[in-house]
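What you see below is based on every heavy atom in this structure, not just the backbone, and it leaves out hydrogens, waters and symmetry mates. Worth saying up front: this structure is predicted, and the values here are computed from it rather than measured.
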Amino acid sequence: MFNLRTVLFAFVLLALLLLLGRYLKHQIQWFQRLYLPASIVAGALALLLGPEALGAIATAIAGPDSLLAGGLFAEDIRAVWAQAPGVFINVVFAALFLGETIPAPREIWRKAAPQVVFGQTLAWGQYVVGCLATLLILIPLFNVNPISAALIEIGFEGGHGTAGGMADTLVELGFPDGADLALGLATVGIVSGIICGTALADWGRRKGHVDAVARQVVEPSEIPDLNVVSETAEVRQERARLLRNLLIDPLSINFAIVGLAIAIGWLILEALQWVESVTWGGEGGFTLFEYVPLFPLALIGGIITQAILNRLGLGALVIRPMVQNIAGVALDVVVVAAIATISLSVIGSNLSVFLILSIVGILWNVLIFLWWAPRIFPSYWFEKGIGDMGQSMGVTATGILLLRMVDPDNSTGAFEGFAYKQLFFEPIVGGGLFTAAAPALIVRLGLLPMLGITGGLLIFWLAVGYLLIQQERRHPTASSV
């Protein structure tokens, strides 16, 4: 147990590690070339200074009673860090769609149908190749936990935030090593995503696959934000009217709105768990929602909160850049704390499993980009596909970075399709409801039924893609001319 003073110092240390991570990123060219976020650098630094690296070295040299046997950080500080990812990831997902203008589903589909199909194909395929690798290689050779089949999607498509947020669920399901493996895969994913994406961007330029308008591949100075619609003067005027005579800081209002989104998500989850307990889940029945963490429901809560505010005429109170800053701070906490508490010994004892999942995940993402993107996108296939490939190997920011490398001025319109796709994507996979439920589904149903479900969904999205291809051939759009 720890007190509030311990929590304070734990987050002070996290803040100092972030500053040091930012300094190291500024000083070391290799970090800049990989576009590693300062939070990943800080988390890796905390890991090296903890009991798994510095502590192990000190123990080997001076014995278990040496001053640095436990690393630089006290055990209660690390206990706070270990619990932080599962808490702060709710803030990240609750803020995901707050302040966003969400068009009608028909309008989103019209603008981003191929992008939705391509992104869904990448995601469901990660489950399929994970299930196949686990069934054919990992279980026969290493007798691994079947939940390993879900780790590629959790680590690659979900990223560090999702992997850290899923830790408690994996422990409850009897797979405590899964959280460390997922975080390791997330690190491999973001590094390999940058390396493979940069190499592919250069290859695409040389082969003429990059549009002539944006033929020169550039490297952005930093990862841009995913903003599609800029705030209008009318929205700012409406906000000023709503805030007039309110003795409260706008940051406090937006923080409270994020809290409301989390509360609505919690109520939804509690309701689902109650319904499950009195129906199909009663007396040893099939249970699922008791293992689903809060954060995917917090995302749904954010969408509901925004809809309620809009209906009440209070939507202008949400300041999108401020909400993004709140989420950004929370994500930094998640990433630093999650990486800092990785067990290197667990990854080391499962190294073969870790390497096989890493290789399978990378190969799937790169090969499906080279095969499926030229077919599903009627125009600018390289620009529209590489953003999704980057997201499927790291995080959304990785996809945006690669997209900006090949289309810095958004001359192909790929950025809008990539952004609108998230509305069909994030609530389901990449940290959405299915991502959260997948480990429990494997435990409850088994690996073969899980392969059947995800394989069926993969075939479904491939079929939808071929329908779009046939429709485009019969009625070419102006963008494909």
Side-chain angles (χ1 to χ4, degrees), residues 10-11 13-14 17-18 20-21 24 31 34 36-59 68-89 92 144-145 147-148 150-173 175-193 293 331-358 361 393-395 431 439:
F11 288 109
L13 283 172
L14 278 184
L17 285 166
L18 272 170
L20 186 55
L24 291 175
F31 290 161
L34 289 178
L36 288 178
S39 56
I40 292 181
V41 178
L45 182 64
L47 178 63
L48 293 175
L49 296 177
E52 292 284 329
L54 178 63
I57 295 172
T59 300
L68 296 177
L72 290 184
F73 310 111
E75 187 175 346
D76 55 352
I77 295 291
R78 288 175 48 79
V80 175
W81 290 352
Q83 295 189 31
V87 174
F88 283 85
I89 191 62
V92 177
V144 301
N145 190 306
I147 297 176
S148 300
L151 295 184
I152 294 177
E153 201 275 343
I154 291 173
F156 274 33
E157 197 78 63
H160 288 90
T162 300
M166 291 288 293
D168 292 340
T169 297
L170 294 172
V171 170
E172 289 178 22
L173 292 169
F175 190 29
D177 292 357
D180 296 302
L181 291 172
L183 286 165
L185 285 170
T187 303
V188 168
I190 196 169
V191 173
S192 61
L331 184 59
D332 283 342
V333 171
V334 170
V335 173
V336 177
I339 296 177
T341 52
I342 289 178
S343 174
L344 294 177
S345 59
V346 167
I347 294 180
S349 62
N350 295 276
L351 186 59
S352 298
V353 175
F354 177 74
L355 291 176
I356 290 170
L357 290 175
S358 299
M393 296 178 72
V395 289

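Rounding to the nearest 0.5 angstrom, the gap separating the CE atom in Met166 from the CD1 atom in Ile147 is 8.5 Å. For the atom pair OG1 (Thr162) and CD (Glu157), the distance works out to 9.5 Å, reported to the nearest 0.5 Å.
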Can you give the donor-acceptor pairs under 3.5 Å from side chains of residues 38-58 to other protein atoms, not counting sequence neighbours?
{"unit_1": "Glu52", "atom_1": "OE1", "unit_2": "Leu344", "atom_2": "N", "d": "3.1"}
{"unit_1": "Glu52", "atom_1": "OE1", "unit_2": "Ser345", "atom_2": "N", "d": "3.2"}

Pairs under 3.5 angstrom only: tabulate donor-acceptor contacts from the side chains of residues 175-193 to other protein residues two or more places apart or in another chain.
{"unit_1": "Asp180", "atom_1": "OD1", "unit_2": "Ser343", "atom_2": "N", "d": "2.8"}
{"unit_1": "Thr187", "atom_1": "OG1", "unit_2": "His160", "atom_2": "NE2", "d": "2.9"}
{"unit_1": "Thr187", "atom_1": "OG1", "unit_2": "Leu183", "atom_2": "O", "d": "3.1"}
{"unit_1": "Ser192", "atom_1": "OG", "unit_2": "Val188", "atom_2": "O", "d": "2.7"}
{"unit_1": "Ser192", "atom_1": "OG", "unit_2": "Gly189", "atom_2": "O", "d": "3.2"}

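With sequence neighbours excluded, the residues that form a side-chain contact (heavy atoms from CB on, under 4.5 Å) with Pro85 are Val334, Ala337, Ala338. Considering only residues two or more places apart in sequence or on other chains, Leu13 meets the side-chain contact (heavy atoms from CB on, under 4.5 Å) condition with Phe73, Ile77, Trp81. Remark: Phe354 engages no residue in a ring pair (Phe, Tyr, Trp, His ring centres under 6.0 Å) (not counting sequence neighbours). Residues satisfying the side chain to side chain donor-acceptor pair (under 3.5 Å) test with Thr169, not counting sequence neighbours, are none.
Counting heavy atoms from C-beta on, the side chains of Leu170 and Pro439 come closer than 4.5 Å. For the pair Phe88 and Asp332, the minimum side-chain heavy-atom distance is 4.5 Å or more.
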Apply side chain to side chain contact (heavy atoms under 4.5 Å, CB included) to residues Val80 and Phe11 and explain how you reach the verdict.
CA-CA 9 Å; Val80 175; Phe11 288 109; 4.2 Å; yes
